[in-house]
Structure formats: structure tokens, C-alpha cells
Amino acid sequence: MVNYNGQLLPATTTFLNHENRGLRYGDSLFETLRVVDGKVIFWEDHYLRLMASMRILRMAIPMEFTMEFLQEEIIKTITANTLHGSPARVRLTIFRNAGGFYLPDSNQVSYCIECNPLKAPFYTMAEGPYEIELFKDFYVNDDLTATLKTNNKIINVVGSIYAQENGYQNCLLLNTNKRITETLNGNIFMVNGTVVTTPPIEDGCLNGIIRKKIIEILGKLEGYTLKEYSISPFDLQKADELFMTNSISGIRSITKYRKKDFERKVATDLLGKLNALSRLT
């Protein structure tokens, strides 16, 4: 079942058409959420990011779009898909209503909520090799729109195809200054001894929720130093460890970049602390 503006519809229902502005212009935002036992993990952070993004894109925020309302709609969708007692992946999409060309007829919005089951109720450290490479066919602009979770993800799509064609599990994206911004589906962290570095938002990386949580955790831990600093491709081969973060997998260790193999000690340490934090919110 899919939730379209509060209506629960079979997933096979045709409820969007060729005039949808998300399809026509990528005029759309989305949040990918982890829900466990009816609880949306880090929901306040996701909600605040969504509201801020809607304001930046000049979308009209409906009066009913409170934290409580959207959470109830998410849970309603989960329940309709018999996933209320199970871990689930949820996508909440917001798009400007149909009408107009580049200039919309209205700034009013609609929403769509869909969900799928997840295997584990908590973040786990995936085993096995996870090799990455640079994706250099296209570059990310280091501006405010690059930090938003919009439907304009063609670089991520083409990069994912490139990774599959060349036997990599993921790729790193570069901005127009040839600095590392993120992976195809998450933020990137680099570890050198006790120093953990992640690219600053100003470099064009996604303003990720788990990125924010890892920064919060590191800020409270003795023994680690966090730096938000630009990372060049040359820095990667001098690192002890690389890991990526997103809202579904939490933390994923990168095991190889070119000829360099990496540890996973810091990522494993932080994963436990991230799980503990997720249970508190």
C-alpha cells in the first residue's frame, strides 16, 4: 500500500501522471527513514531538514504538516503494509503540485509515502569486501542545492551504473574543485589515527542526518578529534580507515580504495554508539 495525500492505495494504482513536477523537473524532495516498532528513528532531525529544504525551494508548507501529522501518516502506511512490529524502510516524497512550466502555477505540494521491510531492527556492520573508486564523469556543484535531498540524483544514478559495470561496490563523488563530497548513497568519513575528517557542507555534500549524529557523538568522546575539512583524492590513500553513513545502513566500512586496504576499528566503535543514540530518540 502507498499513502498518497492521506489515501491508502494499492501499490499498483496509477495515481501520478505525466504532469507530475517531480517527473518533469525534479521539483521534489524526499526523506529516507528507518522505522522500528512504530518509532521513526531520528524523526525530529529528518522533519526539521525537510521543512528547511521546503523553505529553500519556496514550497508552501501546509498547515497540517506538523511533526505529529506526518509521523501519524508514516505509521498509518507502515500498519497498512503489516510492518508495524517490524523494521521498515520508508520514503516520504514531497513534490510541488502539477501545473506550469519552469514557473509553477502554484507552490502547493502533495506527498507520497511508501515502505519496504528491513532485515534488522538495529544498525549492523556489514561483512565482506567493499571497494570504492572515484566517479569522474560528472561533478557535484558546491552550492546549497547540492546539500538538499532532492529528486535530482542523475549523477548518483549514472555513478551507480558505472560502479556496477566496473565491479565496485560504491563510488566517491567530486565537486567542481575536485574535492571529495560524498559516496553515491551516503556521507564519507576519513580516519587518520584519532582524527576523523568529513567534508564540510560548503563542499556540496548532503546535509545527512547520520553525518550529523556521528559529528555529535565524536564531539562528546575523548580520544577522537573531529575535523570538517576538504578532502582530496590523494588524502584517501594516506588514511587508516574510510567509512560512509546513511539513514538506512547507519555506518558502512570501506575496505579498499585502489591498492589501499582499510581497517574498520573506529567504524565498529561508532556503530555501537549510534545504535545506543537511536534508541534514545
Side-chain angles (χ1 to χ4, degrees), residues 3 5-6 22 26-78 87-97 107-115 123 142-153 181-182 185-189 198-220 226 228 244-251 270 273-281:
N3 185 328
N5 285 340
D27 192 2
S28 180
L29 294 161
F30 72 99
E31 290 289 327
T32 307
L33 311 160
R34 173 180 272 265
V35 182
V36 179
D37 293 329
K39 175 186 174 184
V40 185
I41 306 302
F42 302 132
W43 171 232
E44 182 176 2
D45 295 280
H46 281 284
Y47 174 79
L48 292 176
R49 179 174 70 174
L50 179 62
M51 294 301 105
S53 299
M54 290 179 70
R55 292 187 184 97
I56 290 169
L57 296 188
R58 290 177 167 80
M59 292 178 171
I61 301 176
M63 290 294 292
E64 68 268 21
F65 266 30
T66 62
M67 275 186 64
E68 294 74 20
F69 170 79
L70 289 175
Q71 184 170 4
E72 287 173 4
E73 291 299 306
I74 290 167
I75 301 305
K76 181 169 78 174
T77 309
I78 293 255
R89 173 189 183 129
V90 172
R91 175 174 167 133
L92 165 61
T93 306
I94 308 290
F95 47 90
R96 214 181 312 258
N97 288 343
N107 287 320
Q108 302 302 310
V109 299
S110 293
Y111 66 91
C112 177
I113 304 171
E114 53 194 298
C115 59
Y123 297 118
D142 51 352
D143 59 27
L144 184 60
T145 59
T147 72
L148 307 180
K149 205 166 177 69
T150 72
N151 279 23
N152 294 293
K153 295 295 182 184
T181 58
E182 58 198 3
N185 60 338
N187 292 107
I188 185 74
F189 287 79
T198 193
I201 294 297
E202 292 76 19
D203 278 0
C205 68
L206 178 71
N207 188 14
I209 300 303
I210 303 301
R211 175 187 184 275
K212 176 183 176 183
K213 294 302 174 185
I214 294 299
I215 289 173
E216 289 178 7
I217 290 169
L218 288 168
K220 297 176 182 177
L226 172 74
E228 292 184 69
M244 55 166 281
T245 63
N246 65 42
S247 292
I248 299 304
S249 59
I251 298 174
L270 293 175
K273 294 173 173 58
L274 180 64
N275 272 316
L277 184 60
S278 71
R279 289 193 289 269
L280 296 176
T281 57

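No hydrogens, no waters, no symmetry mates; every other heavy atom, side chains included, goes into these values.
Using a distance-only test at 3.5 Å, with no hydrogens or angles considered, a donor-acceptor pair links the side chain of N246 to the main chain of I248.
Considering all non-hydrogen atoms of both residues, I215 and T198 come closest at CD1-CG2, 4.3 Å. Nearest heavy-atom pair across C205 and P200 is SG-O, 3.6 Å. Between L57 and R96, the closest heavy-atom pair is O-NH2, 3.0 Å. Between V90 and C115, the shortest heavy-atom contact is CG2-CB, 3.8 Å. Scanning both residues, S28 and G22, for their nearest heavy atoms gives CB-CA, 4.0 Å. What you find for A60 and M54 is that their closest heavy atoms are O-CE, 3.8 Å.
Summarising the geometry, atom CD1 belonging to I209 is positioned 9.5 Å from atom CZ belonging to F42; distances are rounded to the nearest 0.5 Å. Distance check: D203 CG to T147 OG1 gives 12.0 Å after rounding to the nearest 0.5 Å. With rounding to the nearest 0.5 angstrom, the OG atom of S53 is 10.5 Å from the CD1 atom of I94. To the nearest 0.5 Å, atoms CG (L50) and CZ (F30) are separated by 11.5 Å. Between D142 atom CG and T181 atom OG1 the span is 9.5 Å, to the nearest 0.5 Å. Summarising the geometry, atom CD1 belonging to I61 is positioned 5.0 Å from atom CE belonging to M51; distances are rounded to the nearest 0.5 Å.
Counting only residues at least two apart or on different chains, the salt bridge (charged side-chain N to carboxylate O under 4.0 Å, His left out) pairs with a member in residues 205-215 are D45-K212, D45-K213, R211-E228, K213-E216. Residue pairs meeting the salt bridge (charged side-chain N to carboxylate O under 4.0 Å, His left out) criterion with at least one member in residues 31-43, sequence neighbours excluded, are E31-R49.
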- Query: What do the steps show when you test I251 against F189 for side chain to side chain contact (heavy atoms under 4.5 Å, CB included), and what is the final call?
  - Reply: CA-CA 10 Å; I251 298 174; F189 287 79; over 6 Å; no
- Message: Using side chain to side chain contact (heavy atoms under 4.5 Å, CB included), reason through I217 and L270 one step at a time and then give a plain yes or no.
- Response: CA-CA 8 Å; I217 290 169; L270 293 175; 4.0 Å; yes
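Listed by chain and residue number, nothing satisfies the side chain to side chain donor-acceptor pair (under 3.5 Å) test with N187 (two or more places apart in sequence, or in another chain). With sequence neighbours left out, N3 forms a side chain to side chain contact (heavy atoms under 4.5 Å, CB included) with L8, E73, K76, T77, Y111, I113. Contacts of S278 classified as side chain to side chain donor-acceptor pair (under 3.5 Å), with partners at least two apart in sequence or in another chain: none. Considering only residues two or more places apart in sequence or on other chains, M67 meets the side chain to side chain contact (heavy atoms under 4.5 Å, CB included) condition with W43, E44, Y47. Under the ring pair (Phe, Tyr, Trp, His ring centres under 6.0 Å) criterion, F95 pairs with no residue at all, not counting sequence neighbours. Every residue two or more places apart in sequence or in another chain that forms a side chain to side chain donor-acceptor pair (under 3.5 Å) with R91 is listed here: T93, N151. When the side chain to side chain contact (heavy atoms under 4.5 Å, CB included) test is applied to R279, the partners found at least two apart in sequence or on another chain are N275, A276. With sequence neighbours left out, the side chain to side chain contact (heavy atoms under 4.5 Å, CB included) criterion links N97 to Q108, S110. For K149, the side chain to side chain donor-acceptor pair (under 3.5 Å) criterion is met by no residue, not counting sequence neighbours.
Using a 4.5 Å heavy-atom threshold, the side chains of L92 and H46 count as separate.
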